[in-house]
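Just follow the structure's listing: the first ligand is 1, and inside any ligand the first atom is 1.
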Amino acid sequence: MNNKIDRLITLIRETDKIVIFTGAGVSTESGIPDFRSPGGVWSRFDPADFTIERYLKSPEARDKQWQFLLANPELRLAQPNPAHIGIAKLEAMGKVLGVITQNIDGLHQKAGSTPRMVHELHGTLERIICLNCSAKFITNEVLAQHGACQHLPACDACGGMLKPDVVLFGEALPPLPLKTATQLSFAAELLLVVGSSLVVYPAASIPFHAKRNGAKVAIINLGETAFDDGADVVINDYASKVMTTIGESLEGC
Ligand code: OAD
């Protein structure tokens with residue numbers, strides 16, 4: 001394992017064009033479960049309840065999502081762990097072109113990554129949008145105002161249907177983050193994947209783009225990923241532990 005970490009540290013030292021690509025595994029040590037590990041979100045919730053079609057058609061599905069927000073404050077109150085902080089430190093060292101994330105928890109920004117450098121492919125739980133007038137609201141403010149209600153409230157501005165600003169199944173990814181992520185995957189000399197099974201597209205195409213364009217690809221992930229065979233380094237260990245080791249090694253030079 002140490003040889004692999006040493007190899008990754010060498011790759012990091014060699015370039016200032018690192019793009020980080022993260023998934024739910026970077027946030028499990030902040031107390032937020034991932035999706036596909038045992039006990040993960042999809043072992044407790046039915047993904048069929050998280051489609052845009054059902055959300056638009058069914059008041060029950062909308063209420064379920066509202067109650068999910070109410071019942072899981074850890075999603076909004078979680079604090080960054082050493083993996084997020086290690087990623088922010090790499091940026092502070094001038095080594096990072098951008099952070100592409102599938103996560104909706106805002107923890108990269110809370111850890112100190114510059115907000116404009118973080119590209120959220122699946123949206124964010126920190127905002128609620130109106131599907132009618134496109135007004136945007138801060139989730140915590142909506143919850144503070146309407147949290148006693150079991151039903152999803154209507155838009156304060158126009159009475160339209162609200163929705164957490166996250167990508168549901170069947171929805172297109174937000175165009176700007178997707179475009180920027182694709183550009184970054186072409187600009188990267190090292191793509192560092194942290195905590196993703198790399199099975200959900202189009203996000204999972206990012207390592208393929210990077211590799212095809214000549215970048216090295218390194219993966220830090222507890223379990224297998226769909227890109228292990230194509231990667232230059234695969235480290236199967238805890239993200240916080242590996243990122244801490246990397247940070248200490250780089251600070252020591
Ligand atoms: P997954 O749950 O598919 O994968 C998370 C990966 O992180 C797993 O392979 C774990 O082994 C690994 N992992 C967990 N804890 C870790 C830790 N402390 N250190 C290192 N690795 C760890 O989550 P994603 O790949 O993010 O999309 O899933 C992608 C998308 O699938 C999500 O954004 C979500 C979901 O459906 C939508 O909801 C649109």
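Val199 belongs to a hydrophobic cluster whose remaining members, ordered by chain and number, are Val200; membership requires side-chain heavy atoms of ILVMFWY residues under 4.5 Å apart, directly or through intermediates.
Below 30°, between 30° and 60°, or above 60°: for Trp42 and Phe169 the angle between ring planes is between 30° and 60°, a tilted geometry. Ring planes of Phe208 and Tyr201: tilted class, angle from 30 to 60°.
Taking only non-hydrogen atoms, the option from Asp34, Asn103, Ile219 nearest to atom 8 (C) of ligand 1 is Asp34. Nearest to atom 38 (O) of ligand 1 by heavy atom, out of Tyr201, Phe21, Trp42, is Trp42. Taking only non-hydrogen atoms, the option from Ser197, Ser196, Gly223 nearest to atom 3 (O) of ligand 1 is Ser197.
Among the atoms of Ala239, some N or O lies under 3.5 angstrom from an N or O of ligand 1. Considering backbone and side-chain atoms alike, Tyr238 places every N or O at 3.5 Å or more from each N or O of ligand 1. Polar contact check, Phe169 against ligand 1: no nitrogen or oxygen pair lies under 3.5 Å apart.
Within the structure, salt bridge (charged side-chain N to carboxylate O under 4.0 Å, His left out) pairs that include any residue of residues 148-171 comprise Arg127-Asp165, Lys163-Glu171 (at least two apart or interchain).
For Leu222, heavy-atom contacts with ligand 1 shorter than 4.0 Å involve the backbone as well as the side chain. Counting heavy atoms closer than 4.0 Å to ligand 1, residue Arg36 contributes atoms from both its backbone and its side chain. Residue Asp237 touches ligand 1 through its backbone alone, judged by heavy-atom distances below 4.0 Å. In Gln102, the parts holding a heavy atom less than 4.0 Å from any atom of ligand 1 are both the side chain and the backbone.
Gly40 does not count as a contact of ligand 1, since none of its heavy atoms falls under 4.0 Å from the ligand.
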